[in-house]
Amino acid sequence: MDNKIFALIDCNNFYCSCERVFNPSLKNKPVVVLSNNDGCIVARSDEVKALGIPMGVPFHEYETFIKKEKVVVFSSNYSLYGDMSKRVMDILSTFTPAIEIYSIDEAFLDFTGFKKENLEEIGRDIRETVLKWTGIPVSVGFSLTKTLAKIANRIAKKEKQRGGVFLMIDENAMNEALPKIATGDIWGIGRKLAPKLENMGIKNAFDLKKQDSHAMRRIFSVVMQRTVMELNGISCIEIEEAAPTKKQILTSRSFGKKISEYKEIEQAVAWHTTRAAEKLRQQGLRAGLIIVFITTNPFSKVDAFYQNSFGITPENPTKDTGELINLAINALKKIYKKGYFYHKCGVILTGLTLDVPAPATLFNETDPVKEKKSEDLMLSIDNINKKLGKSTVKYAAEGLNQSWKMRSTQKSPCYTTKWEELKRVR
DNA sequence: TCTGGGGTCCTAGGACCC
DNA sequence: TCTGGGGTCCTAGGACCC
């Protein structure tokens with residue numbers, strides 16, 4: 001049988017690149033994008049990487065340095081990035097229908113059966129097309145498994161002379177590339193496993209490839225075994241074209257400031273429940289369990305730490321925001337303790353089932369009239385909010401002044417998703 | 001002052017059953 | 001005196017990903 005061929009396409013510094021598309025003057029200038037609540041640095045342009053600012057660090061630790069170096073700072077603007085991502089993915093799908101959208105800025109494409117001689121050319125074509133039509137630069141890596149394609153992509157991105165494309169198919173290319181990849185940079189090896197492997201003398205991808213996969217399973221787990229096999233060109237992880245249905249839906253945020261008042265936390269919990277219920281209905285699901293959690297700041301050196309969660313099962317799986325808010329508030333009352341300064345709360349919907357009419361059984365009777373009323377209400381709320389904007393219609397429990405809302409001080413306009421924030425051309 | 005948010009999978013161990 | 005063994009299901013915790 002012929003080998004499989006996977007490509008990994010990854011947008012370069014994706015969030016920074018999105019900001020640059022609408023602000024061309026930022027080209028060649030250092031740019032960072034912050035996480036929600038302006039907490040951490042989650043995207044860096046090449047110029048920022050060159051300054052030595054690491055990924056994922058708290059913003060405040062580098063704020064002075066960033067000002068001194070005149071780095072342009074953005075709060076995250078997920079409506080913008082989500083929309084740009086969709087445009088990129090639509091273009092990628094025209095190269096092969098076998099595509100797995102792996103994250104907001106990455107996709108695996110299956111090129112099994114394509115002629116090896118043509119791949120390099122296809123890679124360049126992908127790069128040029130995406131850049132021309134969206135303004136986003138991407139890197140393309142080809143290889144025999146997903147794990148190897150990740151590595152090929154990394155090389156394509158790092159070694160500028162390759163022009164953003166790297167084909168890692170034959171033995172020579174692998175032998176040259178794998179020793180350059182540190183253990184911790186292999187897909188599936190994280191911050192706990194990397195030091196363990198290094199202690200065993202396994203310093204890079206080439207070393208890990210040479211290990212006996214059965215022995216590695218015994219020492220670690222089946223996940224490690226798969227990684228070793230994938231490094232050897234044996235594909236164990238398939239492309240998932242259709243996204244599997246979600247097993248849980250989670251919404252949570254840190255507060256913009258410390259909060260101790262019950263009423264404010266209740267509003268935030270109601271707000272999260274509303275968002276989660278919206279996602280639930282969008283995906284055609286019902287929830288069989290709702291869990292609420294609250295926590296104080298685990299990093300605080302002065303405030304006492306407390307965290308807790310509580311789950312409640314509705315009588316029947318539900319998608320009704322009002323019912324879910326009631327359950328959420330009951331759960332919150334079980335865990336809220338006076339006297340703590342809370343930092344974050346959230347809601348998890350799980351026990352998800354497809355939204356089909358509940359089977360009428362003798363013991364589990366739903367009221368069809370009530371059910372119909374709820375169905376209609378949810379439909380109208382979703383339609384109004386879709387047409388006129390998020391939270392046009394909302395539940396009283398969400399509150400009006402929302403003093404707990406997250407910080408977002410440097411957000412760019414939603415150029416592509418809000419009419420009133422369209423870019424003006426003089 | 002200030003440290004994101006949203007997910008998945010695997011394993012170990014306890015409860016329970018026959 | 002002496003208390004099995006195999007199987008399933010569930011949950012918590014740990015690891016990973018972007």
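Chain letters run A, B, ... following the sequence lines, proteins first, then strands; residues in each count from 1.
- Atom CZ in A/R218 sits roughly 15 Å away from atom P in B/dT11 (whole-Å rounding).
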(message) Counting Watson-Crick and G-U wobble pairs with both distances under 3.5 Å, what is the dot-bracket string for DNA chain C, 5' to 3', using [ ] for crossing pairs and | for pairs to another strand?
(response) ....||||||||||||||
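- Checking A/F299 against A/R217, the closest nucleotide of DNA chain B that is more toward the 5' end is the one next to A/F299.
- Classified by interplanar angle (parallel below 30°, tilted 30° to 60°, perpendicular above 60°), the ring pair A/Y415/A/F22 is parallel.
- Between the CZ atom of A/F310 and the P atom of C/dA12 there is a distance of 12 Å, rounded to whole Å.
- Side chain of A/T273 to backbone of A/L324: no donor-acceptor contact under 3.5 angstrom is found.
- Salt bridge annotation for A/K319-A/E323: absent, with no cationic side-chain nitrogen under 4.0 angstrom from a carboxylate oxygen.
- The side-chain heavy atoms of A/Y81 and A/D105, taken from C-beta on, include no pair separated by under 4.5 Å.
- For the pair A/N297 CG and B/dC2 C1', the interatomic distance rounds to 9 Å; values are reported in whole Å.
- Between A/N77 atom CG and B/dG4 atom C1' the separation is 16 Å, expressed in whole Å.
- Residue A/E61 contributes atom CD, which lies 13 Å from atom C1' of B/dT1 at whole-angstrom precision.
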Any N/O pairs under 3.5 Å between the protein and nucleotides 5-10 of chain B? List them or say none.
{"residue": "B/dG5", "atom": "OP1", "partner": "A/S254", "partner atom": "N", "Å": "2.4"}
{"residue": "B/dG5", "atom": "OP2", "partner": "A/S254", "partner atom": "OG", "Å": "3.0"}
{"residue": "B/dG5", "atom": "OP2", "partner": "A/K344", "partner atom": "NZ", "Å": "3.2"}
{"residue": "B/dG5", "atom": "O3'", "partner": "A/R253", "partner atom": "NH1", "Å": "3.1"}
{"residue": "B/dG6", "atom": "OP1", "partner": "A/R253", "partner atom": "NH1", "Å": "3.0"}
{"residue": "B/dG6", "atom": "OP2", "partner": "A/S252", "partner atom": "N", "Å": "2.4"}
{"residue": "B/dG6", "atom": "OP2", "partner": "A/S252", "partner atom": "O", "Å": "2.9"}
{"residue": "B/dG6", "atom": "OP2", "partner": "A/S252", "partner atom": "OG", "Å": "3.0"}
{"residue": "B/dG6", "atom": "O5'", "partner": "A/L250", "partner atom": "O", "Å": "3.4"}
{"residue": "B/dG7", "atom": "OP2", "partner": "A/L250", "partner atom": "N", "Å": "2.6"}
{"residue": "B/dG7", "atom": "OP2", "partner": "A/L250", "partner atom": "O", "Å": "3.3"}
{"residue": "B/dT8", "atom": "OP1", "partner": "A/K247", "partner atom": "N", "Å": "3.1"}
{"residue": "B/dC9", "atom": "OP2", "partner": "A/K247", "partner atom": "NZ", "Å": "2.9"}
{"residue": "B/dC10", "atom": "OP1", "partner": "A/R226", "partner atom": "NH2", "Å": "3.1"}

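- When only modelled atom types and interatomic distance are considered, A/D303 and A/T296 share no side-chain donor-acceptor pair under 3.5 Å.
- Judged by distance alone, the side chains of A/D10 and A/S139 never bring a donor and an acceptor atom under 3.5 Å apart.
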(request) For A/R226 and A/T147, run side chain to side chain donor-acceptor pair (under 3.5 Å): C-alpha distance rounded to whole Å, both residues' side-chain angles, the deciding distance at 0.1 Å, then the answer. (result) CA-CA 10 Å; A/R226 278 201 289 257; A/T147 305; over 6 Å; no
(request) Using the side chain to side chain donor-acceptor pair (under 3.5 Å) rule, take A/T112 and A/D110 through it: C-alpha gap first, then chi angles, then the decisive distance, then the call. (result) CA-CA 6 Å; A/T112 305; A/D110 190 344; 2.5 Å; yes
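- Summarising the geometry of A/C345 relative to A/A268, their closest heavy-atom pair is SG-CB, 3.8 Å, with the distance given to 0.1 Å.
- Side-chain contact between A/L51 and A/F65 is present, with at least one heavy-atom pair separated by less than 4.5 Å.
- Rounding to whole angstrom units, CD1 of residue A/I259 and C1' of B/dC2 are separated by 16 Å.
- Nearest-nucleotide mapping onto DNA chain B: of A/F220 and A/K258, the residue sitting toward the 5' end is A/K258.
- Between the CE atom of A/M55 and the C1' atom of B/dG4 there is a distance of 11 Å, given to the nearest Å.
- Rounded to whole angstrom, the span from the OH atom of A/Y62 across to the P atom of B/dC2 amounts to 19 Å.
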(request) Before giving the answer on side chain to side chain donor-acceptor pair (under 3.5 Å), spell out for A/D38 and A/S75 the whole-Å C-alpha distance, their side-chain angles and the decisive distance to 0.1 Å. (result) CA-CA 6 Å; A/D38 296 345; A/S75 300; 2.7 Å; yes
Mind listing the N/O atom pairs, protein and nucleotides 16-18 of chain C, below 3.5 Å?
{"residue": "C/dC16", "atom": "OP1", "partner": "A/G190", "partner atom": "N", "Å": "2.9"}
{"residue": "C/dC16", "atom": "OP1", "partner": "A/G190", "partner atom": "O", "Å": "3.3"}
{"residue": "C/dC16", "atom": "OP1", "partner": "A/K192", "partner atom": "N", "Å": "3.3"}
{"residue": "C/dC16", "atom": "OP1", "partner": "A/L193", "partner atom": "N", "Å": "2.9"}
{"residue": "C/dC16", "atom": "OP2", "partner": "A/K192", "partner atom": "N", "Å": "3.2"}
{"residue": "C/dC17", "atom": "OP1", "partner": "A/G188", "partner atom": "N", "Å": "3.0"}
{"residue": "C/dC17", "atom": "OP1", "partner": "A/I189", "partner atom": "N", "Å": "3.4"}
{"residue": "C/dC17", "atom": "OP1", "partner": "A/I189", "partner atom": "O", "Å": "3.3"}
{"residue": "C/dC18", "atom": "OP1", "partner": "A/K150", "partner atom": "NZ", "Å": "2.7"}
{"residue": "C/dC18", "atom": "O3'", "partner": "A/S103", "partner atom": "OG", "Å": "2.7"}
{"residue": "C/dC18", "atom": "O3'", "partner": "A/D105", "partner atom": "OD1", "Å": "3.1"}
{"residue": "C/dC18", "atom": "O3'", "partner": "A/E106", "partner atom": "OE2", "Å": "3.3"}

